[in-house]
There are 2 protein chains.
Amino acid sequence: MQRDKKPTLSEVAKLAGVSEITVSRALRGSASVSGKTLLKVEKAATSLGYLRNRLAGALAGGASNQVAVILPSLSNSVFADVLNGLEVRLEQAGFHPVLGVSNYDPQQEEQLIRNLLTWRPAGLVIAPSDLTKASHALLEGAGLPLVEIMDTDTTPIDMGVGMSQRGAGSRMAHHLIARGYRRMAYLGHDIVRDRRAAARRDGFCATLGKAGLALCASLTLPAQSSVALGRQGLAQLLSEASEWPDVVYFSNDDMAVGGVFHCMSQGIAVPDSLAIAGFNGLEIGQSLPVPLATIASHRTAIGKTAADCILDRLSGRHTETLADLGFTLIAGGTA
Amino acid sequence: MQRDKKPTLSEVAKLAGVSEITVSRALRGSASVSGKTLLKVEKAATSLGYLRNRLAGALAGGASNQVAVILPSLSNSVFADVLNGLEVRLEQAGFHPVLGVSNYDPQQEEQLIRNLLTWRPAGLVIAPSDLTKASHALLEGAGLPLVEIMDTDTTPIDMGVGMSQRGAGSRMAHHLIARGYRRMAYLGHDIVRDRRAAARRDGFCATLGKAGLALCASLTLPAQSSVALGRQGLAQLLSEASEWPDVVYFSNDDMAVGGVFHCMSQGIAVPDSLAIAGFNGLEIGQSLPVPLATIASHRTAIGKTAADCILDRLSGRHTETLADLGFTLIAGGTA
DNA sequence: ACAGCAATTGACAGCGCTGTCATTCAATGT
DNA sequence: ACATTGAATGACAGCGCTGTCAATTGCTGT
C-alpha cells in the first residue's frame with residue numbers, strides 16, 4: 001500500500017502538456033475537447049494512475065452523485081430488496097447510495113438525516129419510520145430531490161413511492177371474507193415501531209368491521225419479525241385463544257411462514273384446520289409445499305422507481321409527486 | 001423545499017462574532033474552545049440551521065468518514081447480514097457505508113472500485129467476486145485501510161476477515177461421513193460466479209476423496225441461489241441420478257430449504273429417505289419443522305469485525321492481517 | 001485577402017472548510 | 001513587578017477541482 005499522495009489534475013495536465021481545465025473537461029467527456037488532446041490526456045492520466053477526486057469536484061461544481069438512503073432495518077429482507085432496486089438503478093446512472101439504518105428509532109433517524117445531509121448528496125431516499133419535527137424540518141429545508149418510500153398513506157414532503165399499506169390489509173380482509181372465513185385472528189410483530197405493519201392491521205380490521213366482523217384473537221409480539229417469532233407466536237396465540245380461529249392473518253410473510261411451520265410440526269392441516277395469510281410475497285412463501293396466501297408488494301420496483309424519481313428530477317424531467325405501485329394478491333393455497 | 005444556498009461557516013462566524021476557524025473548532029468539539037464561545041457558536045449555528053459541508057471538510061482536512069463497501073449481491077441475505085453488521089459499527093463511529101454491488105461481475109467490480117475510490121473514502125470493505133488485475137492494482141495503490149471479507153482461503157492485500165469456505169465444505173463432509181452417509185450428492189447454484197460456493201464444494205469433495213468416497217451425483221444450476229431453485233433442482237437431480245443418494249449437500253441454506261420443501265411435497269422422509277445439508281445457518285433453516293443440518297457462518301460478525309478493522313486502523317491501533325471468525329456446525333435434524 | 005463564426009483552449013477565481021503557525025491575554029512563579 | 005507559560009483565538013494559505021468568461025485557432029464565404 002503506497003501512502004504517497006495521489007496524482008492530481010495539474011500533474012496530468014503538465015504531463016499531457018495542456019491546461020488543468022482541459023484535462024478536467026476531457027476526463028468528464030465534455031464535447032469541446034478535440035480527439036487529439038483527449039487521447040493525450042487519457043494517456044497521461046492512465047500512465048500516472050490518476051483518479052479524480054470527486055470531493056473536490058463536487059465542492060467546486062455542486063453535483064455530488066451520491067444519494068443518501070435511510071432505511072429502518074436491513075434484517076428484514078424487504079428493505080434489502082428495496083435497496084437492491086435502488087442500487088441497480090443508481091449504479092446504472094453512475095450514482096452511489098450512502099446508507100443509513102435507523103432501527104425504527106426516530107432519534108437515530110433524525111441523526112442520520114442530519115449526518116447524511118452534510119455530505120451534500122444529490123438526493124435522499126427514505127423509508128421513514130417516524131419523522132421527528134426536526135427531521136421534517138431538515139428534509140423540507142434540504143432543497144434536494146427527496147423520495148419517501150414504502151407507503152402512500154401519507155402525503156409526501158416532496159415525492160412518494162410505494163403502495164397503500166392500509167389498502168393491502170383491507171384487500172386481504174376482503175379476500176378472506178370472500179373465501180368464507182369468519183373467525184379471523186391476527187398475529188403481528190412489533191407494531192409500535194413498524195407503523196406500516198400497523199397500517200395493514202388497521203386496514204384489515206376496518207374492513208372486517210364494515211362486514212360486521214371482528215378479530216376473534218390477536219397477538220402482537222414486541223420483537224422484530226422473523227420466521228421463528230411467527231412459529232412461536234402462533235403456538236402462543238392458539239393456546240391462548242378462547243376459540244379456534246379459521247384463519248390467521250400475519251403481519252408479514254416471515255411470520256406467516258413460521259406459522260406454516262408450526263402447523264406442519266403440529267400436524268395442523270393448512271388451510272383446512274387453519275388457514276394462513278401473510279404479506280409481502282417473499283420467494284420463500286411461494287416455494288413452500290403449499291404456496292402462501294399473501295399480497296405481493298413490489299419492493300424492488302419501489303427501489304427502482306425511487307431512484308428514477310431522483311434521477312429524473314436531477315435531469316430536470318417532470319416527476320410525479322406520488323407513485324402508487326400497488327400490490328398483487330396471491331391467492332396461494334394456505335387460505 | 002427552499003432552494004436557497006445553505007448557510008456557511010463564515011455566516012455562522014459572523015453571527016456569533018468569532019472567526020471561521022473558531023466555529024469550525026467549536027462544531028467539531030475541539031477542546032481548545034471556551035465554554036462561552038462554544039455556546040455562542042452553537043446558538044448561531046442552530047439559529048441559521050447550519051449544516052456543515054463535509055465535502056469541503058474532507059477536501060481540506062483529508063478525513064472522509066465514508067467507507068466504501070462492495071458486495072457481489074444483495075438478493076442473498078448473507079450479504080444483507082454482513083452489510084447490517086458493517087452499518088451498525090460504522091454508524092456508531094459516525095461513519096457511513098457507500099455501497100456498490102458487483103453482481104459477481106469482475107468488470108463491474110473493477111468499475112465500482114474505481115468509482116468509489118474517487119470519493120476518497122476512509123476505508124474500503126470488499127467481498128471480492130473476482131478481482132481483475134486492474135482491480136488489484138487499484139486496491140494496492142489506494143493507500144487506505146482495506147478489508148477483504150468472507151473467506152480466508154486467499155491472502156488478503158491488506159486485511160482479511162472471514163472464514164475458510166474450503167474448511168466449511170470439508171467440515172460438513174467429515175460430519176456426514178461420521179453420520180454414516182456414503183452416497184453423497186451435491187446440488188449447487190452458479191458456481192462459476194460464486195467462487196466461495198465453489199470453494200466449499202471443493203473442500204467437500206477433497207475430504208470425500210480422502211475417505212475413498214466420491215459424489216454419486218452432482219448438479220450445478222447456472223442461476224442465482226434461491227429456495228425455488230433448490231426445490232426445482234432437487235427434483236431434477238433425483239430424476240437424473242443413476243442411484244438414489246443418502247444425502248444431498250446443497251451450496252447454501254436457501255437451496256437446502258428448497259430441497260426440504262421438495263421432499264415435503266413429495267413425501268420423501270427427511271432424513272431417513274434422504275438427508276439434507278446446507279450452509280450458512282440462516283434463521284429459516286433453523287425454524288423448519290426439522291431444523292436444517294448446516295454450518296453457521298458468522299455473517300453479522302464478519303461485517304462488524306471488518307468495520308472494526310477499518311476503524312482501528314484509522315485510529316492508529318494495531319490490527320490483525322487476517323481474522324478467521326470460523327464457523328459452527330449445526331447438526332440439526334435433516335442429516 | 002479579410003471579416004465572421006464555431007471549435008478549442010486557457011486564466012482566474014472561488015467552492016467551504018481545516019492545518020499551521022502566529023497572536024493575544026490572563027494566570028503563574030519568584 | 002516582570003518574565004514565563006498555557007489557553008483561546010485568529011490570519012492565512014491552500015485542499016483539487018470546475019464555472020465563467022476571455023483568448024486563440026482554423027475555417028468559411030465573398
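Protein chains get the first letters and strands the later ones, always in sequence-line order, with residue 1 at the start of each. Since the model is a prediction, treat every value here as computed from it, not as a measurement.
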Report all side-chain donor-acceptor pairs from residues 78-88 of chain A shorter than 3.5 Å, counting only partners two or more places apart or in another chain.
unit_1: A:D81; atom_1: OD2; unit_2: A:R299; atom_2: NE; d: 2.8
unit_1: A:D81; atom_1: OD2; unit_2: A:R299; atom_2: NH2; d: 3.3
unit_1: A:E87; atom_1: OE2; unit_2: B:V101; atom_2: N; d: 3.0

I'd like a table of donor-acceptor pairs (distance under 3.5 Å, sequence neighbours excluded) in which one partner is a side-chain atom from residues 52-61 of chain A, with atom names and distances.
unit_1: A:N53; atom_1: OD1; unit_2: A:L55; atom_2: N; d: 2.9
unit_1: A:N53; atom_1: OD1; unit_2: A:A56; atom_2: N; d: 3.3

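When the C1' atom of D:dG26 is taken as reference, atom NZ of A:K36 falls 11 Å away, rounded to whole Å. Between the C1' atom of D:dG16 and the CG atom of A:N53 lies a distance of 6 Å, rounded to the nearest Å. B:L59 has its CG atom 12 Å from the C1' atom of D:dT18, to the nearest Å. The nearest whole Å value for the distance from the NZ atom in A:K14 to the P atom in D:dC17 is 12 Å. What separates CD of A:E20 from P of D:dC17 is a distance of 8 Å, to the nearest Å.
The side-chain hydrogen bond (donor to acceptor under 3.5 Å, both in side chains) search around A:S19 returns A:T22, not counting sequence neighbours. Considering only residues two or more places apart in sequence or on other chains, A:D190 meets the salt bridge (Lys or Arg N to Asp or Glu O under 4.0 Å) condition with A:R193.
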What's touching nucleotides 19-25 of chain D from the protein side, N or O pairs under 3.5 Å?
unit_1: D:dG19; atom_1: OP2; unit_2: A:R28; atom_2: NH1; d: 3.2

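Across the helix from C:dA1-D:dT30 to C:dT30-D:dA1, the helix axis at one end is tilted relative to the axis at the other end by 30° (nearest 10 degrees, each axis from five pairs).
You'll find the side chain of B:I310 stays beyond 4.5 Å of the side chain of B:F95, heavy atoms only.
The side chain of B:T22 sits closest to D:dT9 out of D:dG16, D:dT9, C:dG10. Checking C:dT18, C:dC17, D:dT18 against the side-chain heavy atoms of B:S24 singles out C:dT18 as nearest.
Close to C:dT9, at under 4.0 Å from its OP1 or OP2, lies a side-chain N or O of A:T37. Close to D:dT18, at under 4.0 Å from its OP1 or OP2, lies a side-chain N or O of A:R52. Note on B:S34: a side-chain N or O is less than 4.0 Å away from OP1 or OP2 of D:dT9.
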>> Run the salt bridge (Lys or Arg N to Asp or Glu O under 4.0 Å) test on A:R89 and A:D308 for me, step by step, so that the C-alpha distance in whole Å, both residues' side-chain angles and the decisive distance to 0.1 Å come before the verdict.
In response: CA-CA 7 Å; A:R89 273 291 205 287; A:D308 286 339; 3.0 Å; yes
